[in-house]
Each structure stands twice: as C-alpha cells, then as structure tokens.
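To keep things clear, I will list the structure first and then write my remarks on it.
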Amino acid sequence: MIERNTWHAITIAAVPSLSEVLVVVPTLGLRPDSLNEALTSIRGQNVAIDIVIVAPTNSESARSAAQRFEAQFVEDPGGLAAAINKGMELRSPQHKFLTWLNDDDTWVPGSLPNTLSVLERDPRAVVAFGWCEYVDAAGRTLWVSRAGRWAVRILNWGPDLIP
C-alpha cells in the first residue's frame with residue numbers, strides 16, 4: 001500500500017513581508033506522478049505563489065516539473081531538512097509566508113487561502129497547522145490526524161508528523 005498525505009491546512013511561518021507566499025517542494029525526483037499531483041495542488045490554491053523545487057541536479061523529472069509549473073529549481077544539498085532550508089534561503093522581502101509541501105503530499109483546494117486568512121487575522125501568529133488525511137494509492141482515506149493543539153506538545157517526543 002502506498003500512502004499519500006492530503007493536507008487540509010498547511011504549516012506556515014510568518015516572515016518579514018510578485019508573491020507573498022514561498023512554497024518549497026523537496027523531492028528526490030523518483031516519484032514524478034506524485035510530484036505533479038503535489039505541484040498541481042499548490043497551483044490550484046488560487047493564490048499567487050512562488051515555488052522552489054529542491055532536487056538532485058540529475059533529476060530530469062524534477063527539472064521538467066519546475067518548467068511546467070513555473071518553479072525555480074535548486075540543487076538538493078542532501079537530506080530533507082537541508083533541502084527545505086535551502087529552498088527557504090531563496091525567500092525575499094516580499095515573501096510574508098513560507099511553507100513546504102513534500103512531493104508525496106497534496107493540499108485540499110482552498111486550504112492555503114483559508115490558512116492565510118487565519119494568519120492575517122492574528123498578527124502575532126507565526127505558525128498554523130490543521131488536519132491531515134492519510135490516503136491510499138486509490139485516494140481512499142485511511143485515517144485523519146486531528147492533532148490540533150496537541151501537535152505542539154507531541155512534537156517533543158513523537159515523530160515529526162504535525163499536519
């Protein structure tokens with residue numbers, strides 16, 4: 001069984017303020033179909049977004065996806081956290097919001113505008129997270145993570161699975 005995550009809200013951090021949103025997509029380029037699904041879900045949010053794809057230099061599928069989805073391509077420094085950080089380094093002063101989406105995840109339509117709206121209403125907010133559907137290869141929901149306020153508490157001792 002192949003698992004994909006469908007995000008109902010996203011992890012976003014506010015930074016000092018083209019697009020106010022920068023999305024980093026780390027990938028090894030080994031799952032071109034799921035990468036395309038992830039990028040389609042990003043572009044389908046009806047929000048102006050700058051996308052950075054971080055992948056190995058020799059990944060033709062990731063380079064091709066970057067062209068099709070008007071994303072910047074950056075060489076993977078090695079490791080998921082390093083790839084996300086590398087993409088975040090490309091933020092500019094206009095980017096008010098930063099986030100990432102892994103190549104095997106998707107956003108539900110409207111989740112990004114809803115999340116941005118919530119963050120805009122509270123200028124003290126620096127992060128948002130919500131529900132996450134775990135779905136199988138056929139798109140059937142296996143379970144839903146509703147960590148909510150518990151997410152902050154469990155991050156210290158559990159796996160890094162904050163939706």
Side-chain angles (χ1 to χ4, degrees), residues 1-27 31-55 62 65-66 68-72 74 80-81 83-88 90-92 94-155 158-163:
M1 177 185 330
I2 299 172
E3 289 183 12
R4 284 182 321 177
N5 303 323
T6 302
W7 299 94
H8 287 274
I10 57 169
T11 304
I12 265 185
V15 297
S17 214
L18 337 220
S19 170
E20 290 187 324
V21 181
L22 176 67
V23 179
V24 176
V25 181
T27 182
R31 302 179 281 211
D33 290 342
S34 67
L35 175 59
N36 284 327
E37 285 182 45
L39 293 167
T40 297
S41 79
I42 293 169
R43 286 289 182 221
Q45 294 298 308
N46 295 320
V47 173
I49 297 173
D50 292 330
I51 300 174
V52 176
I53 296 175
V54 183
R68 282 192 318 282
F69 288 92
E70 299 178 1
Q72 185 170 354
V74 176
L80 181 59
I84 293 167
N85 289 337
K86 183 74 170 179
M88 296 289 179
L90 298 177
R91 75 175 185 255
S92 63
Q94 79 227 20
H95 293 125
K96 187 174 179 183
F97 301 99
L98 304 174
T99 189
W100 74 91
L101 186 70
N102 294 326
D103 69 354
D104 63 341
D105 297 331
T106 60
W107 285 336
V108 171
S111 63
L112 181 60
N114 289 340
T115 302
L116 296 175
S117 174
V118 169
L119 289 170
E120 290 281 346
R121 283 195 302 263
D122 184 354
R124 297 170 301 148
V126 295
V127 67
F129 46 85
W131 294 3
C132 174
E133 270 182 24
Y134 291 83
V135 298
D136 65 16
R140 292 180 301 253
T141 300
L142 301 171
W143 73 87
V144 178
S145 169
R146 293 181 175 99
R149 294 180 187 266
W150 283 98
V152 174
R153 292 183 183 104
I154 65 173
L155 183 59
D160 185 8
L161 296 176
I162 291 181

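Just so you know, these numbers use all the heavy atoms, side chains as well, and skip hydrogens, waters and symmetry mates. Since this is a predicted model, take the numbers as computed values, not measurements. Residues take their numbers from the sequence shown, with the count starting at 1.
- Contact annotation: the side chain of H95 never approaches that of V21 to less than 4.5 Å [non-hydrogen atoms, C-beta and beyond].
- The side-chain contact (heavy atoms from CB on, under 4.5 Å) test applied to P109 returns no partner, not counting sequence neighbours.
- In this view, E120 and K96 satisfy the salt bridge (charged side-chain N to carboxylate O under 4.0 Å, His left out) rule, not counting sequence neighbours.
- Checked against side-chain contact (heavy atoms from CB on, under 4.5 Å), A83 has the following partners two or more places apart in sequence or in another chain: P26, V54, D76, P77.
- A62 and L35 get closest at one heavy-atom pair: CA-CD2, 4.0 Å.
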- Might you work through the side-chain contact (heavy atoms from CB on, under 4.5 Å) test for I49 and L22, ending with a clear yes or no? CA-CA 6 Å; I49 297 173; L22 176 67; over 6 Å; no
- Task: Let me see the working for R43 and L39 under side-chain contact (heavy atoms from CB on, under 4.5 Å), right down to the final yes or no.
- Result: CA-CA 6 Å; R43 286 289 182 221; L39 293 167; 5.7 Å; no
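- A distance-only check finds no donor-acceptor pair linking the side chain of R140 to the backbone of V135 [under 3.5 Å].
- Evaluation of the salt bridge (charged side-chain N to carboxylate O under 4.0 Å, His left out) rule for R121 yields no partner, not counting sequence neighbours.
- A side-chain donor-acceptor contact under 3.5 Å links T115 to the backbone of S111.
- Here the side chain of S19 pairs a donor or acceptor atom with the backbone of A48 at under 3.5 angstrom.
- The side-chain contact (heavy atoms from CB on, under 4.5 Å) with I42 is formed by just one residue from the set V47, L101, T99, L112; it is L101.
- Contacts of D122 classified as side-chain contact (heavy atoms from CB on, under 4.5 Å), with partners at least two apart in sequence or in another chain: R124, A125.
- Side chain of S41 to backbone of W107: a donor-acceptor contact under 3.5 angstrom is found.
- Residues V24 and G87 approach most closely at CG2-C, 3.5 Å, considering heavy atoms.
- With values rounded to the nearest 0.5 angstrom, D103 atom CG is found 11.0 Å from D33 atom CG.
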- Message: Run the side-chain contact (heavy atoms from CB on, under 4.5 Å) test on F69 and T40 for me, step by step, so that the C-alpha distance in whole Å, both residues' side-chain angles and the decisive distance to 0.1 Å come before the verdict.
- Response: CA-CA 8 Å; F69 288 92; T40 297; 3.5 Å; yes
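- None of V25, L90, V23 except one satisfies the side-chain contact (heavy atoms from CB on, under 4.5 Å) rule with V52; the exception is L90.
- Under a 3.5 Å cut-off, the side chain of N102 and the backbone N or O of D105 do not form any donor-acceptor pair.
- When the side chain to side chain donor-acceptor pair (under 3.5 Å) test is applied to R68, the partners found at least two apart in sequence or on another chain are N36, S64.
- Proximity of a side-chain donor or acceptor of Q45 to a complementary backbone N or O of V108 within less than 3.5 Å is detected.
- E133 and T141 form a side-chain donor-acceptor contact under 3.5 Å, judged by distance and modelled atom types alone.
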